[in-house]
Amino acid sequence: MLQSIKDLFTKHLFLKFLSLILALLAWFYIVNELNKGSNEELELLRKMHPNEGMVAKKLMISPVFAGKPSWGNSVRRDQVAVVPEYCIVMGSRNVLGKVKSIYTMPIDLKGSSKTFTAQVALKPIAPGVYTEETLVQVTVPIEKDTDGQNQL
């Protein structure tokens with residue numbers, strides 16, 4: 001048994017050393033490519049608005065609804081769930097200084113009679129504004145009206 005453990009470490013040393021060198025080279029290559037990609041994104045953002053200050057801002061995501069649920073049903077707005085609840089945007093200080101939230105593309109409620117989850121794109125804020133998230137999940141709770149009115 002002791003011999004097999006010794007053979008594990010002493011046999012084929014050249015191949016073990018070569019595989020270690022190849023693994024290290026692959027690791028350095030991958031790290032370099034990842035860094036180059038993030039540097040290219042930063043350079044692109046700097047070139048878009050070189051004279052304006054670039055800022056990052058955390059914005060709450062607000063869903064937008066279109067249409068009405070089927071008769072006798074309503075959306076419980078206080079229970080609508082958006083995942084993620086916020087996103088990070090980057091852009092010029094002039095554009096993002098006035099923005100308070102980011103909106104989804106309209107979610108069609110027409111004829112809905114039960115709770116559903118939709119994957120929805122975010123509405124672009126302005127040209128040159130980078131958005132961290134592009135798709136969000138929105139769970140829309142729909143309940144039967146207790147008073148018989150169809151409300152949103």
Side-chain angles (χ1 to χ4, degrees), residues 13-152:
L13 284 176
F14 176 73
L15 291 177
K16 292 176 183 177
F17 182 71
L18 183 63
S19 65
L20 176 66
I21 296 298
L22 290 175
L24 287 172
L25 287 173
W27 182 76
F28 281 116
Y29 175 77
I30 291 170
V31 168
N32 185 37
E33 288 297 313
L34 291 174
N35 287 338
K36 185 167 48 169
S38 58
N39 288 340
E40 288 173 357
E41 287 179 6
L42 289 173
E43 286 301 317
L44 178 64
L45 286 172
R46 286 187 192 117
K47 287 178 184 176
M48 287 190 306
H49 297 288
N51 297 329
E52 299 175 11
M54 297 295 286
V55 295
K57 192 171 185 179
K58 179 179 172 180
L59 297 176
M60 294 301 292
I61 299 172
S62 299
V64 175
F65 300 110
K68 293 184 179 181
S70 61
W71 189 86
N73 294 295
S74 62
V75 174
R76 293 288 313 259
R77 285 201 175 254
D78 59 330
Q79 294 179 359
V80 172
V82 180
V83 176
E85 295 177 352
Y86 65 88
C87 73
I88 306 295
V89 296
M90 287 183 66
S92 75
R93 185 179 315 273
N94 294 341
V95 174
L96 293 181
K98 303 166 190 154
V99 178
K100 301 292 182 207
S101 61
I102 187 167
Y103 298 97
T104 65
M105 297 302 280
I107 301 167
D108 188 17
L109 300 176
K110 187 176 182 182
S112 299
S113 60
K114 61 181 179 177
T115 299
F116 66 94
T117 300
Q119 194 166 16
V120 188
L122 294 177
K123 195 171 192 173
I125 295 175
V129 175
Y130 169 77
T131 306
E132 177 188 46
E133 300 289 334
T134 55
L135 293 174
V136 295
Q137 283 190 343
V138 180
T139 301
V140 184
I142 297 180
E143 295 181 347
K144 293 270 185 211
D145 284 336
T146 55
D147 58 3
Q149 294 180 0
N150 187 10
Q151 300 174 0
L152 223 179

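The figures here come from the full heavy-atom set of this structure, side chains too, leaving out hydrogens, waters and symmetry mates.
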Point to revise | Heavy-atom closest contact (Leu96 atom, Gly91 atom, distance) | key: CD1-N, 3.3 Å
Review point. Does the side chain of Ile102 reach to within under 4.5 Å of the side chain of Ser62, using non-hydrogen atoms?
Key: no
Revision key, fill the gap. In terms of heavy-atom contacts, Met105 and Val120 come closest through O-CG1, 3.4 Å
Check your understanding: When rounded to the nearest 0.5 angstrom, what distance separates SG in Cys87 from CG in Leu135?
Key -> 11.5 Å
Review point. Looking only at heavy atoms, which two atoms of Thr104 and Pro63 are closest? And how far apart?
Key: OG1-CA, 3.3 Å
Please report, to 0.1 Å, the donor-acceptor pairs under 3.5 Å made by any side chain of residues 108-118, with sequence neighbours excluded.
from	atom 1	to	atom 2	distance (Å)
Asp108	OD1	Lys110	N	3.1
Ser112	OG	Leu109	O	3.0
Thr115	OG1	Ile142	N	3.2
Thr117	OG1	Thr139	OG1	3.1

Review point. About how many Å separate OH of Tyr86 and CG of Leu59, when rounded to the nearest 0.5 Å?
Key: 11.5 Å
Exercise for review: Please answer whether the main-chain N or O of Val89 pairs with a side-chain N or O of Thr131 as donor and acceptor at a distance below 3.5 Å.
Suggested key: no
Exercise for review: Could you pull out the closest heavy-atom pair between Val136 and Pro84, with the gap in Å?
Suggested key: CG1-CD, 3.8 Å
Point to revise | Exam field: side chain Lys123 to backbone Val64, donor-acceptor pair closer than 3.5 Å | key: no
Study note, to complete from the structure: When rounded to the nearest 0.5 Å, the distance separating CG of Leu20 from CG of Leu25 is 9.5 Å
